[in-house]
Amino acid sequence: MTDGTTDGATDEERRGGDEAADDGSGGRWEATGFTEDEGRLTLRERKKLRTRQRISGEATLLFIRRGFDHVTVAEVARAAEVSTMTVFNYFPRKEDLFLDRVPEARELITRAVRGRGADESPLAALRRLALGLLAERHPLAAVGEGFEHFWRTVLDSPALRARGREAVEEMENTLAALLAEAAGGDADRPGREARLAAALIVAGIRAASAQAVARQLKGDPVDEVAVEQAEVLRRTFDALERALSGLV
């Protein structure tokens with residue numbers, strides 16, 4: 001099921017869970033991009049992070065093997081050895097079990113724009129981020145060994161494709177707020193120019209990624225795809241700089 005129900009959870013599972021994702025940490029899991037920072041996370045937070053990663057990992061294996069729409073949340077819980085309620089504490093929607101890097105993407109974008117150099121534009125910071133992720137074969141760069149299994153699972157599921165479209169909108173909203181903030185405006189109420197710039201940037205990156213995904217699904221060598229993708233990203237950001245001159 002893909003509607004956020006408990007997929008056959010028992011009454012006991014609905015009443016509680018092994019661990020709650022929200023324990024008053026102020027959204028630390030989202031704020032850290034789900035990466036383990038030994039200098040920032042307490043022992044309890046590290047344990048919770050590992051639980052989250054275990055749940056997502058087991059879910060990913062099941063979804064890739066059997067298809068997203070043919071696996072229930074209850075089955076994910078059993079594989080991860082937690083209760084169904086615990087799964088929902090960490091992942092409010094079934095789709096988020098598979099598309100679990102959306103919060104990380106928002107955090108990386110935020111860090112890139114806010115942490116840019118004094119003489120660096122937000123667009124230049126995003127270019128640096130995109131090329132850096134590709135160089136390290138980060139999953140968010142869309143290019144890497146075995147990534148075709150992930151993309152095939154997404155394409156085979158209407159629910160995942162729909163969640164992906166929502167994620168794109170979330171990225172646009174996050175980026176619009178950041179661009180407004182960088183320009184000295186109101187991040188809570190981005191203006192037309194910030195929203196337009198954000199939509200164009202996200203669309204450009206999405207189009208560039210789609211080309212790389214298509215090649216991997218065809219079976220092209222990952223190293224070749226990565227080399228071409230780097231050039232595609234450079235041309236994309238060159239075009240964005242021309243189109244958005246004076247805006248970002």
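Keep in mind that what you see is a predicted model, and the values were worked out from it rather than measured.
- No donor-acceptor pair under 3.5 Å is formed between the side chain of Gln211 and the backbone N or O of Gln229.
- Enclosure of atom CD in Glu120 by more than 12 non-hydrogen atoms of other residues, nucleotides or ligands within 6.0 angstrom is indicated.
- Environment of CZ in Arg65: sparse, with no more than 12 heavy atoms of neighbouring residues, nucleotides or ligands closer than 6.0 Å.
- When all heavy atoms are compared, the tightest approach of Ala194 to Pro190 is CB-CB, 4.2 Å.
- Ring-plane geometry between Phe98 and Phe63 is classed as perpendicular, the angle between the planes exceeding 60 degrees on a 0 to 90 degree scale with a lower cut at 30.
- Leu196 is connected to Val168 through a chain of hydrophobic side-chain contacts under 4.5 Å among Ile, Leu, Val, Met, Phe, Trp and Tyr, so both are in one cluster.
- Side-chain contact between Asp96 and Val102 is absent, with no heavy atoms from C-beta onward closer than 4.5 Å.
- Between Val76 and Ala59 the shortest heavy-atom distance is CG1-CB, 3.7 Å.
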Under the criterion side chain to side chain contact (heavy atoms under 4.5 Å, CB included), I'd like the reasoning laid out for Lys218 against Glu148: C-alpha separation, chi angles, the key distance, then a yes or no. CA-CA 9 Å; Lys218 286 169 48 182; Glu148 67 274 11; over 6 Å; no
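- Within the model, atoms CG of Leu49 and OH of Tyr90 stand 8.5 Å from one another, a figure rounded to the nearest 0.5 Å.
- The environment of CD in Glu193 is sparse: at most 12 heavy-atom neighbours from other residues, nucleotides or ligands sit within 6.0 Å.
- Expressed to the nearest 0.5 Å, how far CD1 of Ile109 lies from CG of Leu178 amounts to 8.0 Å.
- If you take CD on Glu75 and OG1 on Thr84, they are separated by 10.0 Å, rounding to the nearest 0.5 Å.
- Paired with Asn173 under the rule side-chain contact (heavy atoms from CB on, under 4.5 Å), one option of Met171, Glu170, Glu169 passes, and it is Glu169.
- For Ala177 against Ala187, the heavy-atom pair with the smallest separation is CB-O, 3.3 Å.
- Leu179 approaches Ala197 most closely through the heavy-atom pair CD1-CB, 3.8 Å.
- Distance OG1/Thr60 to CZ/Phe68: 10.5 Å, rounded to 0.5 Å.
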Audit row: Phe237, Leu123, side chain to side chain contact (heavy atoms under 4.5 Å, CB included) steps and yes/no: CA-CA 8 Å; Phe237 277 98; Leu123 189 58; 3.7 Å; yes
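- A donor-acceptor contact shorter than 3.5 Å is absent between the side chain of Arg50 and the backbone of Lys47.
- The shortest distance between side-chain heavy atoms of Phe88 and Leu97 does not fall below 4.5 Å.
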Quick one: do Glu181 and Val113 satisfy side chain to side chain contact (heavy atoms under 4.5 Å, CB included)? Show the steps, please. CA-CA 10 Å; Glu181 179 183 87; Val113 174; 6.0 Å; no
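- Here the CG atom belonging to Leu240 is positioned 9.5 Å from the CG atom belonging to Leu126, to the nearest 0.5 angstrom.
- Between Lys48 and Glu45, no side-chain nitrogen of the basic residue sits less than 4.0 Å from a carboxylate oxygen of the acidic one, so the salt-bridge criterion is not met.
- The pair Arg137-Asp223 counts as a salt bridge, with a side-chain nitrogen and a carboxylate oxygen less than 4.0 angstrom apart.
- There is no path of hydrophobic side-chain contacts, each under 4.5 Å, that joins Leu61 to Val82.
- No more than 12 heavy atoms of other residues, nucleotides or ligands lie within 6.0 Å of CZ in Arg206, so this atom counts as exposed by the packing criterion.
- Not one N or O on the side chain of Arg195 forms a donor-acceptor pair closer than 3.5 Å with the backbone of Ala176.
- What you find for Ala180 and Asp186 is that their closest heavy atoms are CB-O, 3.7 Å.
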When you look at Glu107 and Glu104, which way does the side chain to side chain contact (heavy atoms under 4.5 Å, CB included) test go after all the steps? CA-CA 5 Å; Glu107 175 63 15; Glu104 180 182 1; 5.6 Å; no
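- Residues Ile55 and Asp100 are not in side-chain contact: their nearest non-hydrogen atoms beyond the backbone lie 4.5 Å or more apart.
- Criterion: ILVMFWY side-chain heavy atoms under 4.5 Å apart, direct or through other members. Under it, Val73 and Ile64 are part of a common hydrophobic cluster.
- Two residues are said to be in side-chain contact when any heavy atoms from C-beta on lie closer than 4.5 Å; Arg215 and Glu224 meet this criterion.
- A heavy-atom distance below 4.5 Å is found between the side chains of Pro158 and Asp69.
- In this structure, the separation between CZ on Arg127 and CG on Leu233 is 9.0 Å, given to the nearest 0.5 Å.
- Two residues are said to be in side-chain contact when any heavy atoms from C-beta on lie closer than 4.5 Å; Glu231 and Glu228 fail this criterion.
- The backbone N or O of Val71 sits nowhere less than 3.5 Å from a side-chain atom of Arg66 that would complete a donor-acceptor pair.
- A continuous path of ILVMFWY side-chain contacts below 4.5 Å connects Leu160 to Leu155, so both sit in one hydrophobic cluster.
- Glu166 places no side-chain N or O within 3.5 Å of a backbone atom of Ala162 that could act as its donor or acceptor partner.
- Across Ala142 and Gln216, no two heavy atoms sit closer than the pair O-NE2, 2.6 Å.
- There is a path of hydrophobic side-chain contacts, each under 4.5 Å, that joins Leu129 to Leu200.
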